[in-house]
Amino acid sequence: MSLQRFVIKRALITIPLLLGISLLTFGMVHAIPGDPIDFITLFTELDPETEMEIRAEYGLDQPVYIQYIDWVTSAATGDFGRSIITRDPVISEIMERLPYTLVMGIMAFGVTLATAIPTGVIAAYYRNTKIDQASRVFALLGIAIPNFLLGLLLLLVFASWLDLFPILPPTSQGIVSYDMLVYTLLPAITIGTGSTALLMRLMRSSMVEELDKDYVRTARAKGLPERTVVQKHVLRNSLISVVTVAAIQVAFIISGSVVVEIVFSYPGIGRLLVNRVGNRDFPVIQAIVLLIGVAVILANFVADVLYAYLDPRIRY
Amino acid sequence: MAMLEVEDLNVRFYTEDGVVKATNDLSYRVEAGERFGVVGESGAGKSVTSLALMRLIDEPGVIESGEIRFKGRNLLEMDEKEMRELRGNEIAMIFQDAETALNPSYTVGEQISEAIRYHLGLDEAAARERAIETLESVGIPSAAQRYSDYPHEFSGGMQQRVVIAIALSCDPDLIIADEPTTALDVTIEAQILELLEEIATEFDTAIQLITHDLGVVAEFCDRVMVMYAGHPVEMAPVEDVYYDPQHPYTVGLMSSIPRIGDDRDRLQTIPGRMPDLIEMPPGCNFHPRCPYAEESCTRVEPPLVDVETGEPADPINSDAQAAACLAHTGELSGELDYEVTVRGEDDPAVPGDAPSSAGVSDR
Amino acid sequence: MSSETSQRTTERGRIRVSGFDVERVESRDPLSSWEPDLQSEAGRGRLEYAWQRFKRNRLALFGAATIVFMVLLAVFSRPISLPNGFPVLAGQTVQPFSLAPADPANQDVLTGYREPTLENLFSGTATGLYLFGADWAGRDILSRVMYGGRWSLSIGFIAVAMALLVGIPLGSIAGYYGGKVDEIIMRLVDLLYAFPFIVLAIAVIAVLGRGYWEMILALVVVGWLPYARIIRGEILSVKENEYVTAAKALGSRDRSIITRHILPNAMAPVIVQATLSIGTTVLVAAALGFIGLGLSPASAEWGVMLNVEQDAIARGRWWAGLFPGLAIFVFVMAINLVGDGVRDAFDPQGDQSDTDTGGLR
């Protein structure tokens, strides 16, 4: 009922945001000093006729707003044009790598949730004890360690010293293969460490806050066993705020994947992005940036909806 | 033997700023079916006392010494499991702020029936039925439908009724009501007190009512304990306290109750504020705020004595009026020269016979 | 005390006590030396109070000392000469000290990698002590890490300072004037927030190209967002306060209302955020260096050092990357300790051991 209305209302808010980021990504190319055609032709001298052809092909002979509308409408159908470097359709370049990043991201998310929530709960329950201190130290370390250093160290230890993993990913077998999935654990853990640290402390503080609330005393005064009090009453309420942040971790994981894919020579879209920035392959860069923006906006949307679903008090 | 006997209870909070002495050698009793009032300003140790009965004092608080005997068994010697059997089952608690006392993410029905299932071993359906009956008995209309509503869908007064229903659900012998009406407006307060009164009569449940409002005590209680800075300063049947208060603090509390036809131009209050329980004034803790205080009050800590005899009071076995003021041990040279008048009686005073008791000073 | 008035029953209101003479207490001299607790901290400025608390936080002090130490190492690693075009003291050496054991650019390409060793501690060679070993070109890693701090740290401090200079005015304007201006600025903030920090920075670098100031600009484009949000939020809450209304009634100009009344109140969260952001910024700058979108491969910026050596590390030459990586780690850790300390100092009631994200997304 009202949840449905909330979802619709919240979905409507994302529309201007989506338009906004598409405008920003489109505007990127036009923010570069000089003529965009130079990035297509890579600064080669052209006879005027060929130049006109290229301008027509890329719509550069049209007014800017027409170019934008063209770009957005084709982007909406998945058509981002062709890569300047490889001349392949951008979408196929992305689709080729997206599964790798998705699998890695989901694994990282899984690692984060599976470790952060239980450890955060324990730290909160035993707050201000040695256990809590240890979790705090871990969090400080996990947040401060650069993910590329952590990734390199994992490679050094597990691939070079212990020889448990190959140094380069076994990409030839595709993402749905045992070897590749096992290999993906390394980057997933690397990315997950930072967000685990964050989420664990968040879980802890949210839980500490809930543990201090009056309803916990009520539950104890009912004579319920401590386990029931914590698991049934406290945990549920403290998860409400954590869930929101967990969904926002999508952004964290995307950031992580950009860097960590470089460390592990991992064939995902993060590495694609970084390589193409070096080559100024703008159709690909724009497509990936837009994709990431959309992903984050959707994640925030999901977070808000989950929050409304979990907290019966929210009635919009 | 009374149903509940508290003897020399000392609760301490070990904080960074020092040791908070929340209760000091506190002794009292509550009889089966009795309505016992605990009165005092906030910070007097009233809530700590009630939480101590449930053994629900949180870190960094500890029950340092003393005994809490419920039906003859010392609660402080029970293991956690035995204690859980009692909580919510034989001793139940009603909290001050119903809105926060209820878990926002479970239906009120679930919050009542979980205790029923746990203590009485009923199955889902039977517990639900009993919970609905309880909701009805605390006066929630169309209880069966409201069973599956969430706390935020109830008004403040209705939420308090739900909290009371939780306390009643397993038919306890003792209910500790910690300022159950403070968060409510006056009309709702009256309704809730009425409800508590009904319950106490109908189920013959003892109620320990904690409040800062002497007016509430007057209507509701059989006996009353006035607390100041963690210990009782006066304990007596409620009429005695009202018609013949024997401790300056009680007197102060009573003079600060506003009343119709008051000709004073402003509300009289007790000067100063309650000391924090870390660093308390020497001698009588109340002396900095007491109009009758003398030099001796700063040296001698007055014991709780029987106001008739001046002998140490026995709050567990005796009903006699007891107060902790040097006026009753003969160490005060002046008199507690206040007067109690009862409107509507010709006799101007069921006289403030405080002077008479203070008169023990001749001894 | 009870101030509730209610005459529900006949019982209530019948009894009246008189003679409890309050004046006696108020007029007499105190009977004992006992006095109620005074608010001992009252009257002291908020900043001073926060500083008192901060000084007692050993971890935060340790973090601050580490930061100072690393900054000093960077500054005094090699002499600094002013460029020839500089108006005063052109071409002169303003910082003569040279703490680095060797010139970070000194190569020994023939030998290449060397493991860390203590052997040279007393003998020393022309190209370094090799306490941290040498990289592929035989350069002394210790010297390079010390010298590299000039890039990594200065990027962090400058980018945050510039972000403050952008974020605070924009946030103030949005919060104070509200309406359309607010709408435009805050929608822009929302939009930019849709991109993860590093992705947005990469996009800016894609447009601007690589380089020191390009990188700083990229970090500022992302970095100003939290300050604008904080300041705007604080202003919205402070705006309703009476003293601002009072100042307005007295005819203060808008600018002086913002600078005199609102900014000091909003300072605490901004300082906390800025401290933590220095760490995040250094981390992102190093990450950009590492993925090859930062400074030139010849520089000794810490992230770049790791980038150059990443294959070597994965294949067992751990020292080539570990030390610059540790330098980043230690610095970020120290900044986070200080940031946590500053927050606790400003907000003693807050939960002591919360770890803020520091804008790390």
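Within every chain, numbering begins at 1; the chains are lettered A, B, ... in the order of the sequence lines, protein sequences first and strands thereafter. For clarity, every value in this text was computed on a predicted model and none was experimentally measured.
No more than 12 heavy atoms of other residues, nucleotides or ligands lie within 6.0 Å of CZ in Phe158(A), so this atom counts as exposed by the packing criterion. Around the CZ atom of Phe62(C), the shell of radius 6.0 Å holds no more than 12 heavy atoms that belong to other residues, nucleotides or ligands.
Looking at Leu153(A), only its side chain comes within 4.5 Å of chain C, counting heavy atoms on both sides. Looking at Ile254(A), the atoms closer than 4.5 Å to chain C (heavy atoms on both sides) all sit in the side chain, from C-beta outward. For Val250(A), no part lies near chain C; criterion is any non-hydrogen pair under 4.5 Å.
Checking Ser299(C), Ser296(C), Ser154(C) one by one against Tyr212(C), the side-chain hydrogen bond (donor to acceptor under 3.5 Å, both in side chains) holds for a single residue, Ser154(C).
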Identify all side-chain donor-acceptor contacts of residues 290-304 of chain A below 3.5 Å with residues at least two apart in sequence or on another chain.
from: Asp304(A); atom 1: OD2; to: Arg10(A); atom 2: NE; distance (Å): 2.6
from: Asp304(A); atom 1: OD2; to: Arg10(A); atom 2: NH2; distance (Å): 3.2

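The greatest number of non-hydrogen atom pairs below 4.5 Å with chain C, out of Leu24(A), Ile285(A), Leu141(A), Val258(A), is found for Leu141(A). Your options are Val332(C), Leu188(C), Val207(C), and the one with the most heavy-atom pairs under 4.5 Å with chain A is Val207(C). Most heavy-atom pairs under 4.5 Å with chain C, from the set Asn275(A), Leu273(A), Ile262(A): that is Ile262(A).
When the side-chain contact (heavy atoms from CB on, under 4.5 Å) test is applied to Ile205(C), the partners found at least two apart in sequence or on another chain are Arg210(C), Ala218(C), Leu288(C), Leu293(C).
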